[in-house]
Amino acid sequence: MKLRKLFFSGLVLFFPFPAFTATLAYVTNQGSNSVSVIDLQSNTVINEIKVGNKPAGVVVSPDSNRVCVSNPESKTISVIDTNSNRVIHDVTTGDGPLGIEISPDGKSVYIADWYRHTVSILDTDKLEITSSIRVGHSPAGIVSDIDGDVIYVANRDDNNVAIVNLNTASIDSLIPVGKAPFGLALSHNKNQLYVANVQSSSVSVIDLEKKKVIRDIDVGLFPYAIAYVEKLSRLFVTNQWDNTVSVIDLEAYEVLETIDIGEYPEGIDLHPSGDFVYVANWFDGSIAVVDSSSMKLLHTIKTGEGTRAFGRFVLQK
Amino acid sequence: MKKTTVCLVLGIFLLPALVSAHGPSRQKVSKEIEINASPDKVWAIISDFCSIKNWLPPVTECASDDSHEANTLRTLTLANGEVLIEQLLKHKPEKMMYQYMIKEANVKALPVSSYGSTIMVQAGENGGSVLTWKSGFYRGYMNNNPPPELSDEAAVTAVSAVYDAGLGKIKELAEQ
């Protein structure tokens, strides 16, 4: 008992703080066939990694050791080791890999296939596609629930969101939303899913218990992707054709602020602290840093050509 | 006979179910030209949504209701007889810019899809202007493995040629 106590106090002495040394962003540059690695303490690009052709989607693994990137043109997934910042695997998949998500245990990567209308499942041990599930037409954004039993998929050409039961590998329900749904974000504590409807320029709020849309909120032109900042109860939505980000207050379900950001804002993710939101400006080839409390643009970091970064691209090590 | 039936049935399944998707990666074109004329003069030439018939050579006719409200449509008839309908998204005289999109793709008029464009005038050096015309779009072919005339490259080449022709003509008109 004493020994154990000693052991634990020793640990506490040794590791008085969580051992995070860096917060990094891995953003896909569709025109340069690369991923830029950005140090989010100094807001500078520290590396550029060549990946497959026209990389679009991105997701970080739960342990932060891997980043997976979808390459629609080479029809592959590039797996990056974040310790060496090298591509360690290229996995062939389907016809049009785009949206990408990873299971909470890190064992399965879900890949939306824009042309096959499926979600492929990549086994991260075997490094091959082990199965695929038919969803709807031109699936785009995917998010996993925190238990790993369900994924939500935006079927862009069906104007709905599929709730996919992973245990039965089948669609549990289809929820009609606005026109051309693309990016998704999930709030576990509110049990809500948020959907960017590109062609209706709105965000749908889905109540996951009722399995239906409870609000539609008008945003800017052609919204693409959404970040949910839990501690502020806010959504940040990129509006591709307005060069803005809409900030939605989830208490009032109203747009609080519209931030001028850069040209063709697309992918969006947040700092683990929730203090900052990062936005990929596709036309400019840059990442904009926004203070999520003050809703002000703080910095713009030059990246590569056609920065898209569709998915979760921020990690902490 | 049986073989034909099987092929036909298979053929139906292989057809793309919907054609509203688009190519895998968006393309962009951004062109600018310096003009030895004031921004006001250049803006006066381009500000009307249907002025395009005066400064883009392949456009022979333009019809619209002359409003500059969002969602106003213009119907362009090209020299080859093809028709293209475009929709105004924003018209901001105070910023000397407007933004519009192609309402429904017509690859015989322009081999693109999901095309959105902005044209704007800014102050240049010595009282002159800089005119910028830019866009983001997908190739004309909405599925995988496009024929060459509907590829990414074909789309960029076609849009670039349109912009060069238009900007050149506006410069000529403004500097007269």
Side-chain angles (χ1 to χ4, degrees), chain A residues 28-33 52-57 70-75 94-98 112-117 134 136-140 155-159 179-180 182 198-199 201 220-222 224 239-244 263-266 281-285 305-308 310, chain B residues 13-32 69-72 86-92 95 97-105 113-120 122 132-139 141-146 151-153 155-156 159:
Chain A
T28 55
N29 302 311
Q30 207 161 16
S32 351
N33 300 328
N53 282 345
K54 305 282 184 275
S70 64
N71 305 298
E73 200 78 39
S74 46
K75 302 166 191 171
D95 290 331
L98 179 67
D113 197 302
W114 184 249
Y115 295 117
R116 281 195 187 169
H117 318 300
R134 180 95 193 168
H137 290 107
S138 295
N155 294 314
R156 192 258 199 193
D157 286 351
D158 287 344
N159 305 323
K179 220 175 154 203
F182 206 89
V198 177
Q199 289 173 13
S201 294
L221 288 174
F222 281 42
Y224 184 82
N239 301 310
Q240 293 174 91
W241 286 20
D242 261 345
N243 306 331
T244 58
E263 284 201 65
Y264 274 86
E266 301 215 312
N281 294 315
W282 173 78
F283 206 95
D284 298 338
E305 188 61 37
T307 305
R308 192 141 205 188
F310 180 50
Chain B
F13 282 107
L14 290 173
L15 278 176
L18 281 172
V19 289
S20 51
H22 53 62
S25 57
R26 196 195 291 113
Q27 309 297 310
K28 74 174 178 186
V29 169
S30 182
K31 298 258 179 185
E32 59 176 51
E69 297 294 311
N71 303 325
T72 293
E86 294 182 321
Q87 181 177 354
L88 193 61
L89 298 169
K90 277 180 213 166
H91 188 274
K92 295 192 167 173
K95 289 187 175 172
M97 68 82 85
Y98 51 96
Q99 189 183 355
Y100 61 96
M101 61 186 252
I102 291 179
K103 186 146 175 66
E104 212 165 291
S113 64
S114 300
Y115 170 96
S117 176
T118 299
I119 190 162
M120 64 191 293
Q122 288 166 303
T132 305
W133 198 1
K134 59 190 173 185
S135 56
F137 50 85
Y138 288 87
R139 68 188 180 213
Y141 196 68
M142 309 230 188
N143 280 292
N144 253 349
N145 310 316
S151 66
D152 288 344
E153 293 74 22
V156 170
V159 172

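Below, chains carry the letters A, B, ... as their sequence lines are ordered, and counting in each starts from 1.
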query = Tell me, side chain or backbone of B:S117 under 4.5 Å from chain A's heavy atoms, or both, or neither?
reply = neither
key: All ring-ring contact (aromatic ring centres under 6.0 Å, His included) counterparts of B:Y138, not counting sequence neighbours   = B:H22
task = Pick one of side chain, backbone, both or neither for A:D242, based on which atoms fall under 4.5 Å of a heavy atom in chain B.
result = both
query = Is it the side chain or the backbone of A:F283 that comes within 4.5 Å of chain B heavy atoms, both, or neither?
reply = both
key: Test side-chain hydrogen bond (donor to acceptor under 3.5 Å, both in side chains) applied to A:S32 - qualifying residues, sequence neighbours left out   = none
ask   = What do you reckon, are the aromatic ring centroids of A:Y224 and A:Y264 less than 6.0 Å apart?
value = no
key: More than 12 heavy atoms from other groups under 6.0 Å of NZ on B:K90   = yes
